[in-house]
Amino acid sequence: MKNARHTSGFAPAKKSLGQNFLCDPNIARKIVEAVDIRPGDKVLEIGPGRGALTEHALKRDPGRYVVLELDDALADALSARHPQIEVVRGNALAYPWTGLAGDDGWKIFGNLPYNVASPLIWDIVSQARFERAVFMVQLEAAQRLVAPSGGRQYGALSVFVQSHARAELLFRVPPQVFRPQPKVTSAVVRFFLLPTPLDAEQGKRLAATLRICFQMRRKQLGTILKSNNIPDYDALLRALDIDPVQRPETLAPERFQALSKALPFDFLA
Ligand code: SAM
């Protein structure tokens, strides 16, 4: 039924926007505790929705509270309920994260829409400067974010994120605590930027390296570089102590960073 409203007073959840609203105040509190908001802090929440996390976060008396919400109706309702917060209406994937660069100290968090969680975390860890970030994502994505080298879940996302931040899986969240219920389990992951994160140029090189390596993750690294026309690939790998028969998933993030520095610059084009 068009314009149908739930007993909550909100419009029905929009599947296209990944709207699975958290309905368990204990879990909301636990997530907010992981963000560790102190009085006066600068906080940015992604996808506040009906405000399940916002309510708890505001009790901690932050100095600035910015939210990014794509759903205008939810943004309007939140703004009316909490006039003190700064509501940015729009797509978090288009947010200028580098704008937070010169201004460290932000705490970024959210129960992320599942369809955009991984690309969003990729952008945030590589572009924003933050004190800590805490995100709820699908368990499968959480496991990829924290995966060590050598396993099936280790891939481009793991290497890229772990090259910028320390990522830790804090706890799992069952589907029953959301309305509507998702089909999958969720998990909360916390990130702290590394003391010397990669700069934009290094990040670009690493992303290009990961693109070619994980496109052919079952192949050996020597074969991958050869089929990408990298000159002297065998000597290049050996100089980095990488055996050309190794497969991409066996290389730790630091090895990928070293490889991305050694690859010829025009390979990025
Ligand atoms: N934080 C609320 C909670 O925990 O109940 C809502 C979480 S819900 C999983 C995701 C929220 O992100 C929704 O409010 C949705 O409208 C919003 N959203 C979806 N895609 C978005 C995007 N690209 N940028 C910003 N917000 C988005």
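All ligand and atom numbering here is 1-based and tracks the order in the structure. Only a predicted model underlies this, so the values are computations on that prediction, with no experimental measurement involved.
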| said: Between Lys59 and Asp61, does any side-chain N to carboxylate O distance fall below 4.0 Å? | reply: no

| Near Gln19, which atoms of ligand 1 are under 4.0 Å from a heavy atom of that residue? | 13 (C), 15 (C), 16 (O)

| query | Considering only heavy atoms, which of Cys23, Ala73, Gly90 lies nearest to atom 25 (C) of ligand 1? | reply | Gly90

| request: Could you list which atoms of ligand 1 come closer than 4.0 Å to a heavy atom of Asp71? | output: 16 (O)

| task | Under 4.0 Å from a heavy atom of Ala52: give me the atoms of ligand 1 that qualify, with their elements. | result | 5 (O)

| message | If the contact criterion is a heavy-atom separation under 4.0 Å, does Leu93 count as touching ligand 1? | response | no

| Tyr65 vs Gln84 side-chain heavy atoms within contact, under 4.5 Å | no

| field | Candidate list Arg89, Lys14, Arg50, test salt bridge (charged side-chain N to carboxylate O under 4.0 Å, His left out), partner Asp71, passing option | value | Lys14

| said: Checking a contact table here: which protein heavy atom is nearest atom 27 (C) of ligand 1, and how many Å away? | reply: Leu70 CB, 3.7 Å

| request: Answer yes or no for Ala28: is there a heavy-atom contact with ligand 1 below 4.0 Å? | output: no

| note | atom 19 (C) of ligand 1 sits nearest the protein heavy atom Leu17 O, 3.0 Å

| task | Please tell me if the side chains of Arg38 and Lys107 come closer than 4.5 Å, counting only heavy atoms from C-beta onward. | result | yes

| message | Which residue and atom name correspond to the protein heavy atom nearest atom 14 (O) of ligand 1, and how close is it? | response | Glu69 OE1, 2.8 Å

| message | Using a 4.0 Å cutoff against the non-hydrogen atoms of Leu22, which atoms of ligand 1 qualify? | response | 3 (C), 4 (O), 5 (O)

| task | Could you tell me whether some N/O pair between Val116 and ligand 1 is separated by less than 3.5 angstrom? | result | no

| For ligand 1, which atoms have a heavy atom of Ala92 less than 4.0 angstrom away? | 22 (C), 23 (N), 24 (N), 25 (C)

| message | Looking only at protein heavy atoms, which one is nearest to atom 20 (N) of ligand 1, and what is the separation? | response | Pro113 CG, 3.4 Å

| task | Evaluate the side-chain proximity of Val173 to Met136: yes if any heavy-atom separation is below 4.5 Å, no if none is. | result | yes

| So, Asp199 side chain and Gln202 main chain: donor-acceptor pair closer than 3.5 Å or not? | yes

| Test item: Gln19 and Pro12 side chains (from C-beta on) under 4.5 Å apart, heavy atoms | no

| request: Output yes when the distance from some N or O of ligand 1 to some N or O of Arg50 is under 3.5 Å, and no in every other case. | output: no

| Close approach of Ile46 to ligand 1, heavy atoms, under 4.0 angstrom | no

| said: Counting the benzene-type ring for Trp, do Phe256 and Phe214 have ring centres under 6.0 Å apart? | reply: yes

| field | Any Val67 side-chain heavy atom under 4.5 Å of Leu44 side chain | value | no

| said: Heavy atoms only: which of Gly47, Gly18, Gly51 lies closest to atom 1 (N) of ligand 1? | reply: Gly47

| field | Nearest non-hydrogen protein atom, atom 23 (N) of ligand 1 | value | Asn91 OD1, 2.7 Å

| query | Is there side-chain contact between Val188 and Val137, with at least one heavy-atom pair below 4.5 Å? | reply | no

| Top protein contact for atom 2 (C) of ligand 1, by heavy-atom distance | Pro48 O, 3.3 Å

| task | State plainly whether the residues Arg81 and Glu55 are in salt-bridge range, i.e. N to O under 4.0 Å. | result | yes

| query | Would a distance-only check, ignoring hydrogens and angles, find a side-chain to backbone donor-acceptor pair under 3.5 Å from Arg247 to Arg218? | reply | yes

| Counting heavy atoms only, which part of Asn111 comes closer than 4.0 Å to ligand 1: side chain, backbone, both or neither? | both

